[in-house]
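Here's the structure we're looking at; comments come further down.
Please read these numbers as outputs of a predicted model, since none were measured by experiment.
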Amino acid sequence: MDPVRFRALLQLCRALIHPAHSPAVNENGRVEAQKLLKIAQRYLPSEDDPRWTVIWNEYARTLDLPHDIDEAVCLLKKATAHTPASMMARLNACRTWISAAQSCQHPSTLSAYETYIDLLGLHLMSIPSLDEQRTTLIMIPDLPTLGMDAAAVAIDAGEYEKAVELLERGRGILWARMRGYRRTLFGTQGPHSELARKFLDINRELEARAVSTRVRDQAHLHDMDLHSLLHNPSLPIPMNEESIHRDISRQRQLLQEREEIIQEIRKLDGFEYFLRPTPFQELKQAASDGPVVIVNISRLRCDALIISAALNVGLHVVPLSNKLFTSITSIVIGIWSTVRSPNASNEASKQAILADMLRCLWDLVAVPVKESLDLIPNLVPESGRQIRVWWCPTSYLFSMPIHAAGIAEQNIHFCDYYVSSYTASLSALISARNRTRPTSATLLLVGQPDISIPAVSTEISYIQGLSSNLVNVQSCIKADALPSTVVRSLESSSCQWVHFACHAFNNPESPLESYFQLWDGQKLTLMDLMNADLPKAELAFLAACHSASSMGNREDVRLYTLDESLHLASVMQFIGFSAVVGTLWAMADVDGPVITEAFYGYMLRDGGSGSSEGSAAALDAAARLLRENGVPLDRWVNFIHIGV
């Protein structure tokens with residue numbers, strides 16, 4: 001059957017079982033659609049035909065659920081496992097499996113989610129560029145909530161460790177691809193480049209064969225149509241046997257070669273879990289220095305998963321109110337509309353709204369988490385220090401100041417009890433911890449004096465003055481602040497710290513185009529930074545507006561979740577900086593010099609070692625100073641710490 005007729009048959013089947021039909025019409029439609037699909041099967045010359053996935057998927061959709069759920073799941077499992085089919089066809093079948101299993105509370109629901117995440121990872125490996133990968137991801141329905149819903153299903157099943165594994169794989173998918181992009185294996189240079197090239201070439205050929213508009217001349221049906229086939233199913237079907245066997249042989253060869261390469265890749269150091277989940281026993285290393293709190297928001301349920309070395313089982317699940325899911329959008333809009341409001345005459349109302357939103361975060365997230373943290377045995381701080389907590393939030397929470405959740409009118413906030421940091425993923429935090437700590441500090445100052453932000457000159461002068469205080473300062477300011485110059489300076493083996501004092505612009509619609517604005521309007525983009533090789537990167541302070549938020553600089557509030565953790569600050573962690581300080585929204589001009597001086601004063605109080613250790617406490621102390629100075633709420637909750 002040629003492609004046009006095959007598509008027409010599928011469209012007819014879908015029209016027959018459209019949900020808008022009445023139950024009686026739908027019942028008749030299912031019967032007729034099944035007849036058509038059975039006829040279509042006669043035109044598939046072998047079990048290796050890629051169109052079997054589409055047939056099985058469509059047939060499962062014609063079944064009467066929940067009565068026929070077991071048969072539907074059986075068909076959909078076959079469809080998702082049919083390797084000759086295109087990856088998008090298999091993903092579509094798996095999405096049908098998830099929907100059917102979930103609606104019927106079938107025990108295969110969790111397996112369906114796992115399969116979907118596996119297929120998606122394999123699919124993206126055949127797409128070479130991050131831009132193309134992101135474009136592909138945007139076209140996939142419900143992708144932003146995939147990892148969160150999968151984790152919720154796992155928690156419902158009591159599979160808590162699997163929930164953590166699924167969240168690590170299923171959320172921030174583009175972030176995960178970015179981490180793979182920088183791995184030596186997939187670089188154009190390096191010891192494994194040939195292996196990478198073979199793997200990518202095989203994936204591309206398999207995908208091209210599966211989605212080709214030429215259906216291999218397998219059937220010649222010029223004188224037949226769907227009507228005659230429906231009324232005379234016994235009509236003979238001529239086949240081109242030679243073409244069939246040639247294509248099937250090549251496809252089987254490619255699949256075998258791909259599996260052999262995957263096994264070879266997994267033997268390489270650092271690639272043991274290539275295209276398979278990193279086990280919880282590895283991921284829990286992220287909590288070696290203190291608890292990590294993953295906040296999962298799903299339409300199915302909301303939970304906080306606390307990972308701590310002080311727990312016997314290493315993991316504790318704290319159920320959160322479902323009100324968090326229904327309220328999170330209004331909380332986000334409330335906070336972002338408030339902090340972006342240009343109306344200075346209504347400052348009291350602005351601060352009151354922000355306080356209300358922080359109270360919601362306190363009641364829905366911080367209080368149940370704090371109560372559970374308080375009960376963890378042996379969780380005691382070192383002498384004179386507060387306990388560290390790392391937040392790994394999902395959904396819109398990644399751009400929310402959870403560390404400042406509290407009751408503002410009573411001056412009670414979460415940060416009064418625990419020093420908070422954030423991380424885009426558990427893997428990113430583990431990588432940051434595994435780096436060798438430097439013994440001395442060289443700080444690169446990237447500054448752009450601007451009449452619109454006059455206090456930057458004061459901030460730059462203070463940083464330059466640190467040279468006399470056991471830290472070597474190199475400057476890229478004014479005409480020296482060019483993208484190529486900054487990248488070369490960052491790649492210098494002597495650079496451990498960097499301080500940006502300039503404008504920053506996040507682009508939520510295309511985050512790979514986010515940038516720092518340097519001399520004469522030139523842009524240091526996210527992609528420029530991703531391509532940098534930083535051998536000794538340790539600490540990055542981004543004294544720039546919106547540097548730690550994926551919400552962007554636009555005046556209206558739009559909600560994005562695909563790249564929730566992809567912004568300038570998280571990319572600094574990604575390219576090698578163990579610790580990063582950034583801002584969730586626009587910072588006040590006058591606060592730059594104050595928080596900078598307080599931060600570095602804390603870091604260098606004992607002479608300084610060049611390590612990022614203590615940077616979270618330094619930011620906490622600097623923000624506390626702003627609070628003591630009586631600055632409004634939105635000005636001190638703005639700063640966040642990412643990493644170790």
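- The closest side-chain donor-acceptor pair between R627 and N411 falls under 3.5 angstrom.
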The test is salt bridge (charged side-chain N to carboxylate O under 4.0 Å, His left out); show your working for K162 and E114 and say whether it passes.
CA-CA 10 Å; K162 187 177 290 294; E114 290 183 86; 3.1 Å; yes
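- W636 and H413 have their aromatic ring centers within a separation under 6.0 angstrom.
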Under the salt bridge (charged side-chain N to carboxylate O under 4.0 Å, His left out) rule, what do R624 and D416 come out as? Steps first, then yes or no, please.
CA-CA 9 Å; R624 199 175 299 276; D416 295 322; 3.6 Å; yes
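- Taking the ring axis of Y417 as reference, the NZ or CZ atom of K370 stays within 45° of it and closer than 6.0 Å to the ring centre.
- The closest donor-acceptor contact from the side chain of S99 to the backbone of T96 lies at 3.5 Å or more, if one exists at all.
- Geometrically, R61 does not engage W97 in a cation-pi contact, judged by NZ or CZ lying under 6.0 Å from the ring centre and within 45° of the ring axis.
- Side-chain atoms of Y422 and Q573 form no donor-acceptor pair, as typed in the model, at a separation below 3.5 Å.
- Of all heavy-atom pairs between V419 and A617, the closest is CG1-N, 4.2 Å.
- Not less than 6.0 angstrom separates the ring centroid of F500 from the ring centroid of F541.
- In summary, the aromatic rings of Y418 and H403 are positioned with their centroids too far apart to meet the 6.0 Å limit.
- A centroid separation of 6.0 Å or more is found between the aromatic rings of F639 and W585.
- Y515 places none of its side-chain heavy atoms less than 4.5 Å from the side chain of L526.
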D289 vs R388, test: salt bridge (charged side-chain N to carboxylate O under 4.0 Å, His left out). Steps then yes/no.
CA-CA 8 Å; D289 291 341; R388 293 282 305 280; over 6 Å; no
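- Side-chain N/O atoms of S427 and E168 include a donor and acceptor closer than 3.5 Å.
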